[in-house]
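These numbers come from the heavy atoms of this one structure, side chains and all, not from hydrogens, waters or symmetry mates. Chain letters run A, B, ... following the sequence lines, proteins first, then strands; residues in each count from 1.
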2 protein chains.
Amino acid sequence: MNEWPFSALLLILSSLTFTLTYLMKAVNKHTKIITAATKVFAQKGFFNARISDIAKEAKVADGTIYLYFNNKFDILLSVFEEEIGNIIVQVKKLLAEETDPRKMLEIFATKHLSVMKKNKNLAEVIQIELRQTNKLIKDYRNNKFSEYVNIISDIIKLGQEQNIYRPDILPGIAKRAFFGSLDEISRVWNISLETNYTVEETASQIIKIFLSGMLVQPKPAY
Amino acid sequence: MNEWPFSALLLILSSLTFTLTYLMKAVNKHTKIITAATKVFAQKGFFNARISDIAKEAKVADGTIYLYFNNKFDILLSVFEEEIGNIIVQVKKLLAEETDPRKMLEIFATKHLSVMKKNKNLAEVIQIELRQTNKLIKDYRNNKFSEYVNIISDIIKLGQEQNIYRPDILPGIAKRAFFGSLDEISRVWNISLETNYTVEETASQIIKIFLSGMLVQPKPAY
DNA sequence: ATTAAATGAATGAATGGCCATTCAGTGCCC
DNA sequence: GGGCACTGAATGGCCATTCATTCATTTAAT
(Lines give C-alpha, C1' and ligand atoms only; values in the text may rest on other atoms or scores of the structure.)
Protein backbone atom coordinates (compact mmCIF):
# COMPACT_ATOMS: atom_id res chain seq x y z
CA MET A 1 0.00 0.00 0.00
CA ASN A 2 2.80 2.31 0.88
CA GLU A 3 4.99 1.23 -1.91
CA TRP A 4 2.41 0.71 -4.53
CA PRO A 5 2.39 4.22 -5.95
CA PHE A 6 6.14 4.27 -6.04
CA SER A 7 6.50 1.04 -7.90
CA ALA A 8 3.74 2.10 -10.21
CA LEU A 9 5.65 5.28 -10.85
CA LEU A 10 8.74 3.26 -11.50
CA LEU A 11 6.83 1.05 -13.84
CA ILE A 12 5.44 4.02 -15.73
CA LEU A 13 8.79 5.74 -15.84
CA SER A 14 10.49 2.62 -16.96
CA SER A 15 7.99 1.88 -19.64
CA LEU A 16 8.08 5.50 -20.70
CA THR A 17 11.84 5.45 -20.85
CA PHE A 18 11.77 2.25 -22.76
CA THR A 19 9.23 3.57 -25.21
CA LEU A 20 11.06 6.83 -25.70
CA THR A 21 14.39 5.14 -26.05
CA TYR A 22 12.95 2.66 -28.45
CA LEU A 23 11.21 5.27 -30.50
CA MET A 24 14.12 7.65 -30.50
CA LYS A 25 16.49 4.97 -31.53
CA ALA A 26 14.12 3.73 -34.16
CA VAL A 27 13.38 7.18 -35.48
CA ASN A 28 17.01 8.12 -35.41
CA LYS A 29 18.16 5.05 -37.26
CA HIS A 30 15.34 5.28 -39.71
CA THR A 31 16.03 8.93 -40.35
CA LYS A 32 19.75 8.42 -40.47
CA ILE A 33 19.34 5.73 -43.08
CA ILE A 34 16.93 7.83 -45.14
CA THR A 35 19.28 10.78 -45.02
CA ALA A 36 22.26 8.66 -45.89
CA ALA A 37 20.36 6.97 -48.70
CA THR A 38 19.27 10.28 -50.17
CA LYS A 39 22.86 11.37 -50.28
CA VAL A 40 24.24 8.15 -51.70
CA PHE A 41 21.50 7.71 -54.30
CA ALA A 42 22.02 11.25 -55.45
CA GLN A 43 25.76 10.84 -55.73
CA LYS A 44 25.87 7.46 -57.37
CA GLY A 45 22.43 6.81 -58.72
CA PHE A 46 20.19 4.06 -57.47
CA PHE A 47 21.83 1.20 -59.31
CA ASN A 48 25.37 2.23 -58.58
CA ALA A 49 24.66 2.85 -54.94
CA ARG A 50 25.78 -0.01 -52.67
CA ILE A 51 23.88 -0.96 -49.59
CA SER A 52 27.24 -0.88 -47.90
CA ASP A 53 27.69 2.72 -49.02
CA ILE A 54 24.44 3.68 -47.38
CA ALA A 55 25.32 1.72 -44.28
CA LYS A 56 28.69 3.39 -44.04
CA GLU A 57 27.21 6.84 -44.57
CA ALA A 58 24.56 6.16 -41.92
CA LYS A 59 27.15 4.59 -39.62
CA VAL A 60 25.25 1.36 -39.17
CA ALA A 61 25.98 -2.18 -40.21
CA ASP A 62 24.79 -3.42 -43.58
CA GLY A 63 22.40 -5.80 -41.94
CA THR A 64 20.81 -3.09 -39.83
CA ILE A 65 19.32 -1.54 -42.90
CA TYR A 66 17.24 -4.67 -43.39
CA LEU A 67 15.74 -4.22 -39.95
CA TYR A 68 14.17 -1.00 -41.19
CA PHE A 69 13.58 -1.64 -44.88
CA ASN A 70 12.57 -4.67 -46.88
CA ASN A 71 15.03 -4.16 -49.69
CA LYS A 72 16.97 -1.62 -51.62
CA PHE A 73 14.02 -0.52 -53.70
CA ASP A 74 11.96 0.00 -50.58
CA ILE A 75 14.57 2.45 -49.36
CA LEU A 76 14.19 4.50 -52.50
CA LEU A 77 10.44 4.67 -52.16
CA SER A 78 10.70 5.67 -48.54
CA VAL A 79 13.20 8.38 -49.35
CA PHE A 80 10.84 9.80 -51.87
CA GLU A 81 7.59 9.57 -49.93
CA GLU A 82 9.14 11.14 -46.91
CA GLU A 83 10.93 13.96 -48.64
CA ILE A 84 8.23 15.02 -51.05
CA GLY A 85 5.71 14.77 -48.26
CA ASN A 86 7.67 17.40 -46.37
CA ILE A 87 7.71 19.70 -49.34
CA ILE A 88 3.98 19.34 -49.90
CA VAL A 89 3.30 20.31 -46.32
CA GLN A 90 5.55 23.34 -46.55
CA VAL A 91 4.16 24.54 -49.85
CA LYS A 92 0.56 24.14 -48.76
CA LYS A 93 1.29 26.05 -45.61
CA LEU A 94 2.79 28.93 -47.58
CA LEU A 95 -0.09 28.96 -50.03
CA ALA A 96 -2.71 29.02 -47.29
CA GLU A 97 -1.64 32.56 -46.47
CA GLU A 98 -2.20 33.87 -49.99
CA THR A 99 -5.36 34.33 -52.03
CA ASP A 100 -4.14 35.90 -55.27
CA PRO A 101 -3.69 33.07 -57.81
CA ARG A 102 -0.90 35.03 -59.49
CA LYS A 103 1.06 35.30 -56.28
CA MET A 104 0.29 31.69 -55.49
CA LEU A 105 2.01 30.50 -58.65
CA GLU A 106 4.99 32.63 -57.83
CA ILE A 107 5.13 31.18 -54.33
CA PHE A 108 5.06 27.67 -55.73
CA ALA A 109 7.82 28.41 -58.19
CA THR A 110 10.02 30.13 -55.65
CA LYS A 111 9.56 27.40 -53.09
CA HIS A 112 10.21 24.61 -55.55
CA LEU A 113 13.33 26.22 -56.93
CA SER A 114 14.74 27.10 -53.55
CA VAL A 115 14.19 23.64 -52.13
CA MET A 116 15.81 22.07 -55.16
CA LYS A 117 18.68 24.49 -55.11
CA LYS A 118 19.35 24.08 -51.43
CA ASN A 119 19.09 20.32 -51.30
CA LYS A 120 20.82 19.05 -54.39
CA ASN A 121 20.91 15.49 -53.20
CA LEU A 122 17.18 15.44 -52.78
CA ALA A 123 16.68 17.22 -56.05
CA GLU A 124 18.65 14.62 -57.91
CA VAL A 125 16.82 11.76 -56.26
CA ILE A 126 13.48 13.25 -57.16
CA GLN A 127 14.40 14.21 -60.69
CA ILE A 128 16.13 11.10 -61.77
CA GLU A 129 15.56 8.18 -59.51
CA LEU A 130 11.94 8.93 -58.95
CA ARG A 131 11.34 8.85 -62.67
CA GLN A 132 13.10 5.56 -63.06
CA THR A 133 10.79 4.33 -60.41
CA ASN A 134 7.63 5.90 -61.71
CA LYS A 135 8.20 4.06 -64.88
CA LEU A 136 8.03 0.77 -63.05
CA ILE A 137 5.13 1.75 -60.88
CA LYS A 138 3.31 3.68 -63.58
CA ASP A 139 -0.17 4.53 -62.47
CA TYR A 140 -0.41 1.58 -60.15
CA ARG A 141 0.26 3.81 -57.20
CA ASN A 142 -1.46 7.12 -56.77
CA ASN A 143 1.63 8.74 -55.59
CA LYS A 144 2.67 11.84 -53.74
CA PHE A 145 4.10 13.18 -56.94
CA SER A 146 0.62 13.64 -58.40
CA GLU A 147 -0.51 15.32 -55.25
CA TYR A 148 2.35 17.76 -55.58
CA VAL A 149 1.77 18.63 -59.22
CA ASN A 150 -1.96 18.94 -58.69
CA ILE A 151 -1.32 21.86 -56.40
CA ILE A 152 -0.49 23.77 -59.57
CA SER A 153 -3.65 22.88 -61.43
CA ASP A 154 -5.72 23.71 -58.37
CA ILE A 155 -4.22 27.19 -58.36
CA ILE A 156 -4.99 27.60 -62.05
CA LYS A 157 -8.58 26.47 -61.63
CA LEU A 158 -8.96 28.89 -58.76
CA GLY A 159 -7.66 31.67 -60.97
CA GLN A 160 -10.07 30.72 -63.72
CA GLU A 161 -13.02 30.90 -61.34
CA GLN A 162 -11.91 34.40 -60.43
CA ASN A 163 -11.59 35.35 -64.09
CA ILE A 164 -7.89 35.99 -63.65
CA TYR A 165 -6.66 33.13 -65.78
CA ARG A 166 -8.00 32.56 -69.26
CA PRO A 167 -10.74 29.93 -69.44
CA ASP A 168 -9.24 28.36 -72.55
CA ILE A 169 -6.13 27.27 -70.65
CA LEU A 170 -6.35 23.58 -69.83
CA PRO A 171 -5.18 23.17 -66.24
CA GLY A 172 -4.10 19.59 -66.89
CA ILE A 173 -1.68 20.71 -69.57
CA ALA A 174 -0.65 23.94 -67.94
CA LYS A 175 0.30 22.20 -64.71
CA ARG A 176 2.64 19.90 -66.62
CA ALA A 177 4.14 22.81 -68.49
CA PHE A 178 4.67 24.79 -65.32
CA PHE A 179 6.13 21.93 -63.36
CA GLY A 180 8.23 20.81 -66.31
CA SER A 181 9.75 24.27 -66.60
CA LEU A 182 10.73 24.37 -62.96
CA ASP A 183 11.99 20.82 -63.03
CA GLU A 184 14.14 21.28 -66.09
CA ILE A 185 15.67 24.44 -64.68
CA SER A 186 16.55 22.87 -61.37
CA ARG A 187 17.84 19.81 -63.16
CA VAL A 188 20.29 21.95 -65.07
CA TRP A 189 21.30 23.81 -61.93
CA ASN A 190 22.21 20.50 -60.49
CA ILE A 191 24.42 19.26 -63.28
CA SER A 192 26.13 22.46 -64.28
CA LEU A 193 29.09 23.77 -62.40
CA GLU A 194 28.63 27.43 -63.20
CA THR A 195 27.01 29.85 -60.82
CA ASN A 196 23.47 30.49 -61.88
CA TYR A 197 20.69 32.98 -61.75
CA THR A 198 19.20 33.40 -58.32
CA VAL A 199 16.02 31.65 -57.31
CA GLU A 200 14.15 34.96 -57.34
CA GLU A 201 15.36 36.04 -60.78
CA THR A 202 14.46 32.69 -62.20
CA ALA A 203 11.06 32.45 -60.56
CA SER A 204 10.33 35.94 -61.78
CA GLN A 205 11.19 34.99 -65.36
CA ILE A 206 9.03 31.91 -65.19
CA ILE A 207 6.11 33.86 -63.80
CA LYS A 208 6.56 36.54 -66.43
CA ILE A 209 6.43 33.93 -69.17
CA PHE A 210 3.52 31.96 -67.78
CA LEU A 211 1.39 34.93 -66.84
CA SER A 212 2.08 37.37 -69.67
CA GLY A 213 3.85 35.39 -72.35
CA MET A 214 6.90 36.22 -74.35
CA LEU A 215 5.32 38.49 -76.95
CA VAL A 216 6.01 42.21 -76.84
CA GLN A 217 3.20 44.59 -75.92
CA PRO A 218 0.86 45.48 -77.42
CA LYS A 219 0.14 41.98 -78.45
CA PRO A 220 -0.03 41.21 -82.12
CA ALA A 221 -2.95 38.95 -82.90
CA TYR A 222 -1.80 35.38 -83.07
CA MET B 1 41.82 -9.33 -125.16
CA ASN B 2 38.62 -11.07 -125.79
CA GLU B 3 38.06 -11.97 -122.23
CA TRP B 4 39.46 -8.91 -120.58
CA PRO B 5 36.31 -6.84 -120.45
CA PHE B 6 34.41 -9.76 -119.08
CA SER B 7 36.83 -10.53 -116.35
CA ALA B 8 37.06 -6.86 -115.54
CA LEU B 9 33.32 -6.82 -115.23
CA LEU B 10 33.53 -9.81 -113.01
CA LEU B 11 36.15 -8.14 -110.92
CA ILE B 12 34.07 -5.00 -110.58
CA LEU B 13 30.99 -6.98 -109.82
CA SER B 14 32.78 -9.07 -107.33
CA SER B 15 34.38 -6.15 -105.58
CA LEU B 16 31.10 -4.31 -105.67
CA THR B 17 29.35 -7.29 -104.22
CA PHE B 18 32.00 -7.58 -101.59
CA THR B 19 31.76 -3.92 -100.65
CA LEU B 20 28.01 -3.94 -100.63
CA THR B 21 27.84 -7.14 -98.67
CA TYR B 22 30.38 -5.92 -96.21
CA LEU B 23 28.78 -2.54 -95.77
CA MET B 24 25.28 -3.88 -95.63
CA LYS B 25 26.20 -6.42 -93.09
CA ALA B 26 28.08 -3.90 -91.01
CA VAL B 27 25.38 -1.27 -91.24
CA ASN B 28 22.68 -3.78 -90.64
CA LYS B 29 24.27 -5.26 -87.57
CA HIS B 30 25.13 -1.88 -86.13
CA THR B 31 21.66 -0.56 -86.81
CA LYS B 32 19.99 -3.72 -85.65
CA ILE B 33 21.84 -3.54 -82.37
CA ILE B 34 21.03 0.13 -81.90
CA THR B 35 17.37 -0.48 -82.61
CA ALA B 36 17.25 -3.47 -80.34
CA ALA B 37 19.06 -1.59 -77.59
CA THR B 38 16.69 1.36 -77.83
CA LYS B 39 13.80 -1.00 -77.35
CA VAL B 40 15.33 -2.99 -74.52
CA PHE B 41 16.65 0.04 -72.64
CA ALA B 42 13.26 1.68 -72.88
CA GLN B 43 11.46 -1.39 -71.63
CA LYS B 44 13.78 -2.36 -68.82
CA GLY B 45 15.93 0.65 -68.15
CA PHE B 46 19.66 0.71 -68.69
CA PHE B 47 20.66 -1.14 -65.57
CA ASN B 48 18.02 -3.82 -65.84
CA ALA B 49 18.72 -4.41 -69.50
CA ARG B 50 20.89 -7.48 -70.12
CA ILE B 51 23.35 -7.62 -72.94
CA SER B 52 21.78 -10.95 -73.72
CA ASP B 53 18.40 -9.25 -74.01
CA ILE B 54 19.76 -6.85 -76.59
CA ALA B 55 21.52 -9.68 -78.39
CA LYS B 56 18.35 -11.72 -78.51
CA GLU B 57 16.28 -8.78 -79.71
CA ALA B 58 18.86 -8.00 -82.40
CA LYS B 59 19.17 -11.68 -83.26
CA VAL B 60 22.93 -11.78 -82.84
CA ALA B 61 25.15 -13.53 -80.36
CA ASP B 62 26.08 -11.82 -77.12
CA GLY B 63 29.68 -11.58 -78.19
CA THR B 64 28.84 -9.95 -81.49
CA ILE B 65 27.77 -6.84 -79.70
CA TYR B 66 31.33 -6.37 -78.51
CA LEU B 67 32.53 -6.30 -82.09
CA TYR B 68 30.52 -3.13 -82.60
CA PHE B 69 30.57 -1.50 -79.20
CA ASN B 70 33.14 -1.25 -76.44
CA ASN B 71 30.77 -1.91 -73.59
CA LYS B 72 27.23 -1.55 -72.42
CA PHE B 73 27.53 2.12 -71.67
CA ASP B 74 28.91 2.76 -75.11
CA ILE B 75 25.74 1.29 -76.57
CA LEU B 76 23.64 3.74 -74.62
CA LEU B 77 25.66 6.70 -75.82
CA SER B 78 25.45 5.52 -79.38
CA VAL B 79 21.72 5.07 -79.15
CA PHE B 80 21.36 8.59 -77.95
CA GLU B 81 23.77 10.31 -80.30
CA GLU B 82 22.28 8.60 -83.28
CA GLU B 83 18.64 9.13 -82.44
CA ILE B 84 18.80 12.72 -81.25
CA GLY B 85 21.01 13.54 -84.20
CA ASN B 86 18.20 12.44 -86.50
CA ILE B 87 15.71 14.62 -84.72
CA ILE B 88 17.97 17.65 -84.88
CA VAL B 89 18.35 17.24 -88.62
CA GLN B 90 14.61 16.92 -89.11
CA VAL B 91 13.74 19.88 -86.91
CA LYS B 92 16.32 22.13 -88.51
CA LYS B 93 15.05 21.21 -91.91
CA LEU B 94 11.48 22.11 -90.94
CA LEU B 95 12.58 25.38 -89.36
CA ALA B 96 14.60 26.40 -92.41
CA GLU B 97 11.34 26.89 -94.30
CA GLU B 98 9.88 29.32 -91.78
CA THR B 99 10.88 32.84 -90.81
CA ASP B 100 8.26 33.86 -88.25
CA PRO B 101 9.72 33.19 -84.79
CA ARG B 102 6.22 32.52 -83.45
CA LYS B 103 5.57 29.85 -86.01
CA MET B 104 9.04 28.47 -85.46
CA LEU B 105 8.37 27.78 -81.81
CA GLU B 106 5.15 26.07 -82.74
CA ILE B 107 6.96 23.93 -85.27
CA PHE B 108 9.49 22.91 -82.66
CA ALA B 109 6.83 22.01 -80.16
CA THR B 110 4.76 20.06 -82.63
CA LYS B 111 7.73 18.17 -83.96
CA HIS B 112 9.06 17.32 -80.53
CA LEU B 113 5.73 16.11 -79.26
CA SER B 114 4.95 14.08 -82.33
CA VAL B 115 8.33 12.36 -82.37
CA MET B 116 8.02 11.53 -78.70
CA LYS B 117 4.49 10.32 -79.05
CA LYS B 118 5.24 8.15 -82.03
CA ASN B 119 8.41 6.60 -80.76
CA LYS B 120 7.81 5.80 -77.14
CA ASN B 121 10.86 3.63 -76.78
CA LEU B 122 13.09 6.42 -77.94
CA ALA B 123 11.24 8.92 -75.81
CA GLU B 124 11.84 6.89 -72.73
CA VAL B 125 15.49 6.41 -73.47
CA ILE B 126 15.97 10.11 -73.97
CA GLN B 127 13.93 11.19 -71.01
CA ILE B 128 15.23 8.81 -68.43
CA GLU B 129 18.39 7.09 -69.47
CA LEU B 130 19.92 10.12 -71.01
CA ARG B 131 19.52 11.98 -67.77
CA GLN B 132 21.08 9.22 -65.78
CA THR B 133 23.91 9.47 -68.17
CA ASN B 134 24.18 13.21 -68.32
CA LYS B 135 24.71 13.16 -64.63
CA LEU B 136 27.79 11.04 -65.05
CA ILE B 137 29.10 12.94 -68.03
CA LYS B 138 28.05 16.34 -66.75
CA ASP B 139 29.52 19.07 -68.86
CA TYR B 140 32.53 17.00 -69.83
CA ARG B 141 30.97 16.33 -73.17
CA ASN B 142 29.37 19.05 -75.22
CA ASN B 143 26.56 16.86 -76.20
CA LYS B 144 23.87 16.73 -78.81
CA PHE B 145 21.33 17.47 -76.16
CA SER B 146 22.64 21.01 -75.77
CA GLU B 147 22.59 21.46 -79.48
CA TYR B 148 18.96 20.43 -79.52
CA VAL B 149 17.83 22.72 -76.71
CA ASN B 150 19.80 25.62 -78.11
CA ILE B 151 17.59 25.56 -81.17
CA ILE B 152 14.94 27.02 -78.90
CA SER B 153 17.04 29.86 -77.55
CA ASP B 154 18.19 30.70 -81.07
CA ILE B 155 14.57 31.12 -82.10
CA ILE B 156 13.92 33.34 -79.11
CA LYS B 157 16.94 35.51 -79.83
CA LEU B 158 15.83 35.83 -83.41
CA GLY B 159 12.43 36.95 -82.25
CA GLN B 160 13.95 39.49 -79.91
CA GLU B 161 15.98 40.99 -82.75
CA GLN B 162 12.77 41.36 -84.68
CA ASN B 163 11.06 42.98 -81.70
CA ILE B 164 8.54 40.16 -81.57
CA TYR B 165 9.68 38.69 -78.27
CA ARG B 166 10.14 40.86 -75.20
CA PRO B 167 13.75 41.89 -74.63
CA ASP B 168 13.49 41.17 -70.91
CA ILE B 169 13.00 37.46 -71.53
CA LEU B 170 16.24 35.60 -70.87
CA PRO B 171 16.66 33.09 -73.70
CA GLY B 172 18.77 30.83 -71.47
CA ILE B 173 15.95 30.47 -68.99
CA ALA B 174 13.13 30.49 -71.49
CA LYS B 175 14.66 27.68 -73.50
CA ARG B 176 14.76 25.50 -70.40
CA ALA B 177 11.20 26.37 -69.54
CA PHE B 178 9.99 25.62 -73.03
CA PHE B 179 11.86 22.39 -73.36
CA GLY B 180 10.94 21.35 -69.83
CA SER B 181 7.26 21.84 -70.60
CA LEU B 182 7.40 19.69 -73.70
CA ASP B 183 9.50 17.08 -71.98
CA GLU B 184 7.27 16.76 -68.95
CA ILE B 185 4.19 16.45 -71.12
CA SER B 186 5.66 13.74 -73.29
CA ARG B 187 6.98 11.99 -70.21
CA VAL B 188 3.48 11.77 -68.82
CA TRP B 189 2.11 10.60 -72.16
CA ASN B 190 4.55 7.78 -71.95
CA ILE B 191 3.70 6.53 -68.50
CA SER B 192 -0.04 7.03 -68.51
CA LEU B 193 -2.33 4.54 -70.11
CA GLU B 194 -5.16 6.91 -70.92
CA THR B 195 -5.66 8.42 -74.32
CA ASN B 196 -4.43 11.95 -74.34
CA TYR B 197 -4.81 15.25 -76.01
CA THR B 198 -3.61 15.30 -79.57
CA VAL B 199 -0.20 16.63 -80.49
CA GLU B 200 -1.78 19.66 -82.12
CA GLU B 201 -4.04 20.54 -79.22
CA THR B 202 -1.17 20.27 -76.83
CA ALA B 203 1.29 22.21 -78.93
CA SER B 204 -1.34 24.90 -79.36
CA GLN B 205 -1.84 25.18 -75.60
CA ILE B 206 1.88 25.39 -75.01
CA ILE B 207 2.27 28.08 -77.62
CA LYS B 208 -0.67 29.98 -76.22
CA ILE B 209 0.91 29.95 -72.77
CA PHE B 210 4.42 30.81 -73.86
CA LEU B 211 3.44 33.53 -76.33
CA SER B 212 0.52 35.20 -74.60
CA GLY B 213 0.53 33.93 -71.05
CA MET B 214 -2.29 32.65 -68.93
CA LEU B 215 -3.76 35.98 -67.80
CA VAL B 216 -7.08 37.09 -69.22
CA GLN B 217 -7.22 40.04 -71.60
CA PRO B 218 -6.91 42.89 -71.13
CA LYS B 219 -3.91 42.27 -68.99
CA PRO B 220 -3.95 43.57 -65.48
CA ALA B 221 -0.67 45.15 -64.56
CA TYR B 222 1.48 42.67 -62.73
C1' DA C 1 38.72 -24.92 -112.17
C1' DT C 2 39.72 -26.94 -107.94
C1' DT C 3 41.68 -27.13 -103.78
C1' DA C 4 44.02 -25.39 -99.99
C1' DA C 5 45.25 -21.91 -96.71
C1' DA C 6 44.04 -17.49 -94.73
C1' DT C 7 41.21 -14.07 -93.03
C1' DG C 8 38.00 -12.28 -90.00
C1' DA C 9 33.10 -12.15 -88.60
C1' DA C 10 30.23 -14.34 -85.53
C1' DT C 11 29.18 -17.40 -81.80
C1' DG C 12 27.90 -18.68 -77.02
C1' DA C 13 29.62 -21.21 -73.09
C1' DA C 14 32.68 -20.19 -69.37
C1' DT C 15 34.74 -16.91 -66.25
C1' DG C 16 35.14 -13.93 -62.57
C1' DG C 17 33.74 -10.17 -59.95
C1' DC C 18 30.35 -7.80 -57.72
C1' DC C 19 26.91 -7.02 -54.24
C1' DA C 20 22.05 -7.65 -52.20
C1' DT C 21 20.62 -10.25 -48.78
C1' DT C 22 21.00 -13.47 -44.89
C1' DC C 23 21.91 -15.27 -40.39
C1' DA C 24 24.74 -16.91 -36.67
C1' DG C 25 26.68 -14.48 -33.31
C1' DT C 26 27.60 -10.31 -29.87
C1' DG C 27 26.49 -7.46 -26.28
C1' DC C 28 23.16 -4.69 -23.86
C1' DC C 29 19.25 -4.04 -20.88
C1' DC C 30 15.64 -5.77 -18.28
C1' DG D 1 18.79 -15.58 -18.77
C1' DG D 2 16.24 -14.14 -22.24
C1' DG D 3 14.76 -10.76 -25.40
C1' DC D 4 16.26 -7.29 -28.26
C1' DA D 5 18.83 -4.27 -31.56
C1' DC D 6 22.55 -4.68 -33.95
C1' DT D 7 26.60 -6.56 -36.43
C1' DG D 8 29.37 -7.91 -40.51
C1' DA D 9 31.30 -11.94 -42.63
C1' DA D 10 29.57 -15.45 -45.70
C1' DT D 11 26.51 -16.87 -49.33
C1' DG D 12 24.62 -17.29 -53.71
C1' DG D 13 23.02 -15.54 -57.85
C1' DC D 14 23.48 -12.64 -61.48
C1' DC D 15 25.52 -10.90 -65.67
C1' DA D 16 29.16 -8.08 -68.33
C1' DT D 17 32.79 -9.47 -70.70
C1' DT D 18 36.05 -12.76 -72.80
C1' DC D 19 37.95 -16.05 -75.93
C1' DA D 20 38.46 -20.61 -78.02
C1' DT D 21 35.98 -22.26 -81.65
C1' DT D 22 32.97 -22.40 -85.80
C1' DC D 23 31.59 -20.78 -90.14
C1' DA D 24 31.75 -18.17 -94.44
C1' DT D 25 34.22 -15.95 -97.70
C1' DT D 26 38.41 -14.50 -100.12
C1' DT D 27 42.92 -15.25 -101.88
C1' DA D 28 46.69 -18.05 -103.66
C1' DA D 29 48.53 -21.94 -105.69
C1' DT D 30 48.35 -25.66 -108.82
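For A:Thr64, counting side-chain heavy atoms from C-beta on, the closest listed nucleotide (C:dG12, C:dC19, D:dC6) is D:dC6. For A:Ala61, whose side chain is taken as the heavy atoms from C-beta onward, the closest listed nucleotide among D:dT7, C:dA10, D:dC15 is D:dT7. Distance from the side chain of B:Ile51 is smallest to D:dT17 among D:dT17, C:dA10, D:dG8. Of the listed nucleotides (D:dC6, C:dG12, D:dT7), D:dC6 has the atom at the smallest distance from the side chain of A:Tyr68. Here C:dA13 is the nucleotide among C:dT11, C:dA13, D:dA9 with the atom lying nearest to any side-chain atom of B:Asp62. Minimum atom distance to the side chain of A:Leu67 is reached by D:dA5, of the listed C:dT11, D:dA5, D:dG8. Distances were taken from every side-chain heavy atom of B:Lys72 (C-beta onward) to each of C:dA10, D:dG8, D:dA16; the shortest belongs to D:dA16. Comparing D:dT18, C:dG12, C:dA20 by their closest approach to the side chain of B:Tyr66 singles out D:dT18.
One finds a side-chain N or O of A:Arg50 lying less than 4.0 angstrom from the OP1 or OP2 phosphate oxygen of C:dA20. Side-chain nitrogen and oxygen atoms of B:Lys29 include at least one within less than 4.0 Å of the OP1 or OP2 phosphate oxygen of C:dA10.
Rounded to whole Å, the distance from NZ on A:Lys32 to C1' on D:dC6 is 12 Å. Counting to the nearest Å, the C1' atom of C:dA20 and the CG atom of A:Asn48 are 14 Å from each other. We find that CD1 of B:Ile65 is positioned 10 Å from P of D:dA16, with the value rounded to whole Å. Put simply, CD1 on A:Ile54 is 17 Å from P on D:dG8, counting in whole angstrom units. Rounding to whole angstrom units, CG of residue A:Asn70 and C1' of C:dA20 are separated by 14 Å. Here C:dC18 presents its C1' atom at 12 Å from CG of A:Asp53, a figure rounded to the nearest Å. Spacing between atom CZ of A:Phe47 and atom C1' of C:dC18 amounts to 15 Å, rounded to whole angstrom units. Taking atom NZ of A:Lys59 as the reference point, atom P of D:dT7 lies 13 Å away to the nearest angstrom.
Judged purely by atom type and a 3.5 angstrom limit, B:Lys72 uses its side chain to pair as donor or acceptor with the backbone of B:Phe46. Side-chain atoms of A:Glu57 do not come within 3.5 Å of backbone N or O of A:Lys39 as any donor-acceptor pair.
Remark: aromatic rings of B:Phe108 and B:Tyr148 are close, center separation under 6.0 Å.
Counting heavy-atom neighbours within 6.0 Å of B:Lys208 NZ, excluding the residue itself, gives a total above 12.
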Report the C-alpha distance between A:Met104 and A:Leu158 in whole Å, list the side-chain angles of each, state the deciding distance to 0.1 Å, and finish with yes or no for side-chain contact (heavy atoms from CB on, under 4.5 Å). CA-CA 10 Å; A:Met104 288 172 88; A:Leu158 184 69; 3.8 Å; yes
